[in-house]
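Here the structure comes first, spelled out in structure tokens, and everything after it is commentary.
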Amino acid sequence: MPRVNDFQEILLLLLALCLLDSCDTGDSDLNNDSSDFRYDAGDTLIVTLNSGQSETLSLINISNSDLLQYAVGTGRVPNDMLFLRDTLYLLNSSQQSISIYSLTPEPVHLREIALGNQDVNLNPWNLATDGTWLWVSCFLQDLLLRVHPAT
């Protein structure tokens, strides 16, 4: 005769299968075609860092439910990001750099700012701005770097 624990395990397995089956992997109202992705000045745009294996940025326009997955590559360890005017600055820990992106009319990688020698592990962690300068905290070296975004 089966034990109560066996029934619980079977129920948990069935629940997990039902949840997996209910995940929508097909097309939806959200698209992933960059030619269809659009946003206007008044729209609310969410930028997500997809670290791990994808190493990309995705854009979500919550005003019209458009989604652009894997918009541009980020590097191996994107730690932080911020907007300054119409530009996105992305802090990459493993590359010890700041990637600069234009998001209009679509995401485009503009350039990189190297933060130091690759022989010294700075481990850049957080990124902030005072409106003129970018400030980068370096976790392993107890440093605060001041970086001009244009140079």
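For the numbers below, each heavy atom of this structure counts, side chains included, while hydrogens, waters and symmetry mates do not.
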task: Check side chain to side chain donor-acceptor pair (under 3.5 Å) between S58 and all other residues, then give those that pass, not counting sequence neighbours.
output: N50

- line: By ring-ring contact (aromatic ring centres under 6.0 Å, His included), Y89 pairs with (sequence neighbours left out) none

Sequence-distant partners of S93, side chain to side chain contact (heavy atoms under 4.5 Å, CB included), two or more places apart: V77, N79, N123, P124

- request: For D43, enumerate each residue passing the side chain to side chain donor-acceptor pair (under 3.5 Å) test, keeping only those at least two apart in sequence or located in another chain.
  value: N61

Side-chain heavy-atom pair E55, P78 within 4.5 angstrom cut-off: no

query: For D80, which residues count as a side chain to side chain donor-acceptor pair (under 3.5 Å) partner, sequence neighbours excluded?
result: none

- prompt: Is the closest side-chain heavy-atom distance between L115 and I98 below 4.5 Å?
  reply: yes

Partners meeting ring-ring contact (aromatic ring centres under 6.0 Å, His included) with F139 (sequence neighbours left out): W125

- prompt: For Q141, what residues pass the side chain to side chain contact (heavy atoms under 4.5 Å, CB included) criterion, not counting sequence neighbours?
  reply: V120, L122, L143

task: State which residues pass side chain to side chain contact (heavy atoms under 4.5 Å, CB included) with D142; sequence neighbours excluded, sorted by chain then number.
output: none

- prompt: Can you name the residues that form a ring-ring contact (aromatic ring centres under 6.0 Å, His included) with W135, not counting sequence neighbours?
  reply: none

message: Taking side chain to side chain contact (heavy atoms under 4.5 Å, CB included) as the definition, give me every residue that meets it alongside T44, ordered by chain and number, with sequence neighbours left out.
response: I62, S63

